[in-house]
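Scope of the values below: all heavy atoms of this structure, side chains included, with no hydrogens, waters or symmetry mates. Lettering of chains follows the sequences in order, A, B, ..., and the numbering in each one begins at 1.
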Number of protein chains: 2
Amino acid sequence: MRCPFCGYEESKVVDSRPIDDGLSIRRRRECLKCEKRFTTYEKVENIPLMVIKKDNRREPFNRNKLMNGLLRACEKRPVSLNDLERIVNEVESSICNTLEREVTSQQIGEMVMEKLKKLDDVAYVRFASVYRQFKDINTFLVELNKLLQDT
Amino acid sequence: MRCPFCGYEESKVVDSRPIDDGLSIRRRRECLKCEKRFTTYEKVENIPLMVIKKDNRREPFNRNKLMNGLLRACEKRPVSLNDLERIVNEVESSICNTLEREVTSQQIGEMVMEKLKKLDDVAYVRFASVYRQFKDINTFLVELNKLLQDT
DNA sequence: GTATATGACACAATATATTGTATCACATAC
DNA sequence: GTATGTGATACAATATATTGTGTCATATAC
């Protein structure tokens with residue numbers, strides 16, 4: 001593994017211990033060039049993907065729930081089911097790739113909105129109005145104004 | 001490493017590849033009991049801890065900058081330098097522990113505010129007023145009203 | 001103060017991971 | 001349509017990681 005200090009491409013493991021009851025492995029590595037040491041963690045890709053909701057409760061990530069929100073936002077809009085599947089897939093895999101076990105519903109909303117914005121303005125604003133409704137009414141108005149000005 | 005499917009404590013590596021230009025290692029593992037396969041990633045702990053600012057530019061995380069913000073918020077308030085050091089330490093290490101390479105300035109602000117709120121209401125609102133000034137004026141007012149009602 | 005937990009470190013004996021080469025499947029790009 | 005990139009898979013030869021034991025330092029708990 002590449003050294004995070006000097007960038008040299010080889011390092012060796014000097015210690016390796018299971019942690020989290022065996023669910024992860026912590027390694028101490030040493031750069032073969034600059035000899036600096038650093039810690040790495042090996043973790044399982046995804047499995048327990050939890051969403052932190054606004055009231056701080058946790059629940060498992062649910063593709064269908066996200067898809068339903070998207071379908072509602074796209075009602076009578078020229079967005080294909082394929083596009084929506086793609087968005088859900090991309091969001092899910094980008095959450096998995098962070099290797100985080102938890103993600104806030106807000107972060108998910110932001111990711112979805114970023115992608116939806118490129119597809120359909122109206123669907124984007126509908127979706128945003130649900131995700132940001134209580135926290136950020138001004139932002140919603142600002143977004144609406146931006147869209148009005150752009151057209 | 002423990003199997004995420006059946007929970008058995010031993011698995012073997014069936015493939016191992018460097019990714020991200022050598023910064024991480026992806027491994028395919030197979031459980032020695034149920035023989036199911038899963039993917040793991042080994043990543044460096046922290047090092048390039050970058051903050052994503054509001055305008056989407058990145059800059060390295062800077063303890064001093066955060067501390068300055070806290071000091072300004074706590075001017076003439078009964079909050080010790082020790083407490084502030086503790087907050088900065090806790091925020092920094094909780095960012096490191098996520099193993100994410102990037103974090104938004106907003107996320108940092110939220111973490112700080114959560115901790116500051118427990119220490120001093122006035123410092124909390126001062127800090128919040130800086131972190132949320134453009135995005136969330138309503139939230140700021142709501143917070144002020146909450147504090148006024150609580151006292 | 002003592003007790004407890006955790007991370008870093010070292011050493012030695014053993015077991016296992018790594019790397020290149022190559023194929024297949026799938027999805028995206030043009 | 002073809003080209004391109006990526007993840008999963010297999011195999012074989014080689015190199016390296018893992019695990020137990022034990023110490024030390026630091027921080028937190030009581």
Subject >> Spacing of A/E30 atom CD relative to D/dT18 atom P, expressed in whole Å >> reply: 15 Å
**OP:** Side chain of B/P18 only, please: which of D/dT19, C/dT19, C/dA8 is the nearest?
**Re:** C/dT19
**OP:** Provide the closest heavy-atom pair for A/Y124 versus A/M113 in the form atom of the first, atom of the second, distance.
**Re:** CD1-O, 3.5 Å
Original post:
Nearest-Å distance, NZ (A/K12) to C1' (D/dT16)?
Top reply: 10 Å
Original post:
Is A/R26 near enough to C/dG7 that one of its side-chain N or O atoms lies under 4.0 angstrom from OP1 or OP2?
Top reply: yes
Original post:
Are A/R28 and C/dA10 close enough that a side-chain N or O sits under 4.0 Å from OP1 or OP2?
Top reply: no
Subject >> Minimum heavy-atom distance A/R28-A/T39, with the two atoms named >> reply: NH1-OG1, 2.7 Å
Original post:
A/L32 has an atom CG; how far is it from atom P of D/dA15, in whole Å?
Top reply: 14 Å
Subject >> Closest non-hydrogen atom pair, A/V44 against B/T40 >> reply: CA-CG2, 4.0 Å
**OP:** Identify which nucleotide among D/dT18, D/dT19, C/dT18 has an atom closest to any side-chain atom of B/R27, counting heavy atoms from C-beta outward.
**Re:** C/dT18
Subject >> Position toward the 5' end of DNA chain C (nearest nucleotide), A/E10 or A/I19 >> reply: A/I19
Subject >> Residue B/R37, side-chain atoms from C-beta onward, closest of C/dT18, D/dT19, D/dA10 >> reply: D/dA10
Original post:
Between D/dT16 atom C1' and A/E42 atom CD, what is the distance in whole Å?
Top reply: 15 Å
Subject >> Qualifying residue for salt bridge (charged side-chain N to carboxylate O under 4.0 Å, His left out) with B/E42, from A/K43, A/R2, A/R29, A/R26 >> reply: A/R29
**OP:** Grab the two heavy atoms, one from A/Y8 and one from A/C31, that are nearest each other, plus how far apart they are.
**Re:** CB-SG, 3.9 Å
**OP:** Scan A/R17 against the nucleic acid and name what it touches under 4.0 Å (heavy atoms): base, sugar-phosphate only, or nothing.
**Re:** base
**OP:** Measure the distance from CZ on B/R29 to C1' on D/dA8 and round it to the nearest whole Å.
**Re:** 16 Å
Original post:
Nearest-Å distance, CD1 (A/I25) to P (D/dT18)?
Top reply: 6 Å
Original post:
When you check the phosphate oxygens OP1 and OP2 of C/dG7, does a side-chain N or O of A/T39 lie under 4.0 Å from one of them?
Top reply: no
